[in-house]
**Q** 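First the structure, which I've put down as structure tokens, then a few questions once you've had a look.
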Amino acid sequence: MSAKQYTPESRGTYAAKGYSAASSTSSLVPTLISRRDPRDHDVQIEILFCGICHSDLHQVRNEWSVMPTVYPCIPGHEIVGRVTNVGSAVTKFKPGDLAAVGCLVDSDRSCPDCQTSLEQYCPNLTLTYNSPDRYLGGVTYGGYTDSIVVNDHFVLHVPSNLNLAGVAPLLCAGITTYSPIRHWGVTNGKKVGVVGLGGLGHMAVKFAHALGAYVVVFTTSLNKKEDAIRLGADEIITSSDTDQMRKHARSFDFILDTVSAEHDINSYIQLLRRDGNITLVGAPDKPHAVSGFGLLSQRRSISGSTIGGLAETQEMLDFCAKRNITADVEVIPIQKVNEAYERMLKSDVRYRFSIDMASLKTA
Ligand code: NAP
Ligand code: ZN
């Protein structure tokens, strides 16, 4: 992309290349979309890598009844790239800088959530894709594109010592697990369970381990055992093994459930000690059945969490830079995105696909 000089009068739109789905049953195919020319507070980023989150698949296939998909849909909210242009009021970034964008591109900036750096809970937030686009109409388009234009408050600085393909997934899988792990006080000596060793789960293991916790992974995939240990787990349990599950009853301080499909959470609630908490970040559409007795008998709690605010996302990136943490990725060209979705459904990815956006040039 060539750096172009914008004046207020010349601001309009420009064409960007991307991959979009036309319906819930369509494959993702090459497309051209309009992006806004940068406004005063905007940062324009050439996208280098974009991770594939299971939420992308849920949204493309219209699997969430609470968030119906508007088509065409361009997903992607694990974005890392290089700044190509900035608006006149931008001071934090300049062309050539590395930059990242996660799941949020706007919020009202005035509500109690925004005022306390919890933009992810703002009632008027704009998600990176499938949210009303207040500049161009229609909906926002995500990171399966060659460039994006975002208000500078929602752009993160990328530490220069980390591998960029592995940084991209930190923008969703990373912050979605880091935030509840910090909120629930995971630290040295705590016993932490991670349910599901996928994109989110493997980041949760890395963070909980880095914070000194004793980490137990619950999986349906026996063949992930060696990986789990390498990633920082102390034990790995096949969730269908009831004997093993029983041995851990009433012992966990905190369990993070990252599972993307319908499953029974009551067997995990039984593993919490008194006042233990299970937090759900996985987002299957169907409501969970929860036994009240499982909770009340030990004053246990169940809660949810979604991504993280901008300040905490930057904190997480800086933590990763210090501890040399990135996602384990399989880098793919954009032309393999539909195949990657099918493999993700089979838990056949170690542990995140990261799209090399240079491949879009030949799409
Ligand atoms: P992923 O890479 O596909 O990992 C999901 C893991 O869940 C799989 O690797 C598998 O782990 C386990 N799993 C899959 N089907 C299962 C089943 N039927 N029963 C039990 N376990 C099963 O997905 P992800 O990108 O990590 O996302 C996970 C979920 O979090 C998705 O629903 C996504 O939408 C949601 N999410 C939420 C937020 C948020 O803000 N709260 C942010 C991002 C994503 P094993 O192979 O180890 O069993
Ligand atoms: Zn995501």
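Positions are given from 1, in the same order as the sequence printed here. Counting starts at 1 for both ligands and their atoms, following the listed order.
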**Q** Output yes when the distance from some N or O of ligand 1 to some N or O of Ile307 is under 3.5 Å, and no in every other case.
**A** yes

**Q** Any non-hydrogen side-chain atom of Leu317 less than 4.5 Å from a side-chain atom of Pro159?
**A** yes

**Q** How far is atom 46 (O) of ligand 1 from its nearest protein heavy atom, and which residue and atom name does that atom have?
**A** Ser221 OG, 2.5 Å

**Q** Less than 4.0 angstrom from a charged side-chain N to a carboxylate O is my criterion; do Arg230 and Asp328 meet it?
**A** yes

**Q** In the protein, what heavy atom is nearest to atom 2 (O) of ligand 1, and what distance, to one decimal place, separates them?
**A** Gly199 N, 2.8 Å

**Q** Does this structure show an ion pair linking Lys322 with Glu315, if we count only N-O contacts that are shorter than 4.0 Å?
**A** no

**Q** Please could you name the atoms of ligand 1 that His54 approaches to less than 4.0 Å, counting only its heavy atoms?
**A** 1 (P), 3 (O), 23 (O), 24 (P), 25 (O), 27 (O), 31 (C)

**Q** Do any nitrogen or oxygen atoms of Pro284 lie less than 3.5 angstrom from nitrogen or oxygen atoms of ligand 1?
**A** no

**Q** Using side-chain hydrogen bond (donor to acceptor under 3.5 Å, both in side chains) as the criterion, point out the one residue from Lys336, Arg343, Arg352 that pairs with Glu330.
**A** Arg343

**Q** Can a non-hydrogen atom of Gln120 be found less than 4.0 Å from any atom of ligand 1?
**A** no

**Q** Identify the residue among Phe218, Trp184, Tyr268 that makes a ring-ring contact (aromatic ring centres under 6.0 Å, His included) with Phe252.
**A** Phe218

**Q** Show which atoms of ligand 1 fall inside a sub-4.0 Å distance from at least one heavy-atom site of Leu200.
**A** 24 (P), 25 (O), 26 (O), 27 (O), 30 (O), 36 (N), 43 (C), 44 (C)

**Q** For atom 40 (O) of ligand 1, what is the nearest protein heavy atom, given as residue, atom name and distance?
**A** Thr306 OG1, 2.8 Å

**Q** Return the number of protein N, O or S atoms with a distance to the Zn ion (ligand 2) smaller than 2.8 Å.
**A** 3

**Q** Mark up the atoms of ligand 1 that fall under 4.0 Å of a heavy atom belonging to Trp64, in ascending order.
**A** 34 (O)

**Q** Answer with yes or no whether the side chains of Asp40 and Ser88 bring together a donor and an acceptor at under 3.5 Å.
**A** yes

**Q** What atoms of ligand 1 come closer than 4.0 angstrom to any heavy atom of Val259?
**A** 7 (O), 13 (N), 16 (C), 20 (C), 21 (N), 22 (C)

**Q** If we only count N/O pairs under 3.5 Å, is Ala261 in contact with ligand 1?
**A** no

**Q** Check Thr176 against ligand 1 and report side chain, backbone, both or neither, counting heavy atoms closer than 4.0 Å.
**A** side chain

**Q** Which residue and atom name correspond to the protein heavy atom nearest atom 4 (O) of ligand 1, and how close is it?
**A** Gly198 CA, 3.3 Å

**Q** Closer than 4.0 Å to some heavy atom of Ser305 - which atoms of ligand 1 meet that?
**A** 39 (C), 41 (N)

**Q** Identify the protein heavy atom lying closest to atom 28 (C) of ligand 1, giving its residue, its atom name and the separation to 0.1 Å.
**A** Thr258 O, 3.0 Å

**Q** Using heavy-atom distances only, which candidate in Gly282, Ser55, Gly174 approaches atom 36 (N) of ligand 1 most closely?
**A** Ser55

**Q** Using the salt bridge (charged side-chain N to carboxylate O under 4.0 Å, His left out) rule, collect all pairs that involve residues 256-268, keeping only residues at least two apart or in two chains.
**A** Glu262-Lys286

**Q** Which ligand 1 atoms, with their elements, are less than 4.0 angstrom from a heavy-atom of Thr219?
**A** 45 (P), 46 (O), 47 (O), 48 (O)

**Q** Tell me the protein heavy atom at minimum distance from atom 37 (C) of ligand 1, and give that distance in Å.
**A** Val281 O, 2.8 Å

**Q** Between Gln314 and Asp318, does a side chain to side chain donor-acceptor pair (under 3.5 Å) hold up when you go through it step by step?
**A** CA-CA 6 Å; Gln314 190 63 59; Asp318 296 343; 3.3 Å; yes

**Q** Salt-bridged, Asp253 to Lys191, with N to O below 4.0 Å?
**A** no

**Q** Select one of side chain, backbone, both or neither to describe which atoms of Cys172 lie under 4.0 Å from any atom of ligand 1, heavy atoms only.
**A** side chain

**Q** So which pairs with a foot in residues 164-177 pass salt bridge (charged side-chain N to carboxylate O under 4.0 Å, His left out), sequence neighbours left out?
**A** none

**Q** For Asp97, what residues pass the side chain to side chain contact (heavy atoms under 4.5 Å, CB included) criterion, not counting sequence neighbours?
**A** Val83, Phe93, Lys94

**Q** Is it true that Gly304 lies under 4.0 Å from ligand 1, counting heavy atoms only?
**A** no

**Q** Measuring from the heavy atoms of Cys53, does anything fall under 4.0 Å of ligand 1?
**A** yes

**Q** Which of the atoms in ligand 1, numbered in the order shown and given with their element, are less than 4.0 Å from a heavy-atom of Gly196?
**A** 11 (O), 47 (O)

**Q** Is any NZ, NE, NH1 or NH2 atom of the basic residue among Lys361 and Glu46 found under 4.0 Å from an Asp or Glu carboxylate oxygen of the other?
**A** yes

**Q** Let me see the working for Met316 and Leu170 under side chain to side chain contact (heavy atoms under 4.5 Å, CB included), right down to the final yes or no.
**A** CA-CA 8 Å; Met316 179 272 311; Leu170 301 178; 4.0 Å; yes

**Q** Provide, to 0.1 Å, the distance between atom 10 (C) of ligand 1 and the closest protein heavy atom, together with that atom's residue and name.
**A** Ser347 OG, 3.4 Å

**Q** Is there a side-chain contact between Thr220 and His263 in this structure, where contact means two heavy atoms from C-beta onward sitting under 4.5 Å apart?
**A** no

**Q** Could you give me the CA-CA distance, side-chain angles and deciding distance for Tyr129 and Asp56, then say whether side chain to side chain donor-acceptor pair (under 3.5 Å) is met?
**A** CA-CA 9 Å; Tyr129 58 83; Asp56 299 351; 2.7 Å; yes

**Q** Quick one: do Ser301 and Asn277 satisfy side chain to side chain donor-acceptor pair (under 3.5 Å)? Show the steps, please.
**A** CA-CA 5 Å; Ser301 63; Asn277 169 270; 2.9 Å; yes

**Q** Do Cys50 and Tyr19 come within less than 4.5 Å of each other through their side chains, counting heavy atoms only?
**A** no

**Q** So which protein heavy atom does atom 20 (C) of ligand 1 come closest to, and at what separation?
**A** Thr220 CG2, 3.5 Å

**Q** Angle class for the His58/Trp64 ring planes (parallel below 30°, perpendicular above 60°, tilted otherwise)?
**A** tilted

**Q** Which class fits the ring pair His202 and Tyr351: parallel under 30°, tilted 30 to 60°, perpendicular over 60°?
**A** parallel

**Q** With heavy atoms under 4.0 Å as the rule, classify the contact between Phe353 and ligand 1 as side chain, backbone, both or neither.
**A** neither

**Q** Just jot down the ligand 1 atoms closer than 4.0 angstrom to any heavy atom of Met344, in number order.
**A** 3 (O)

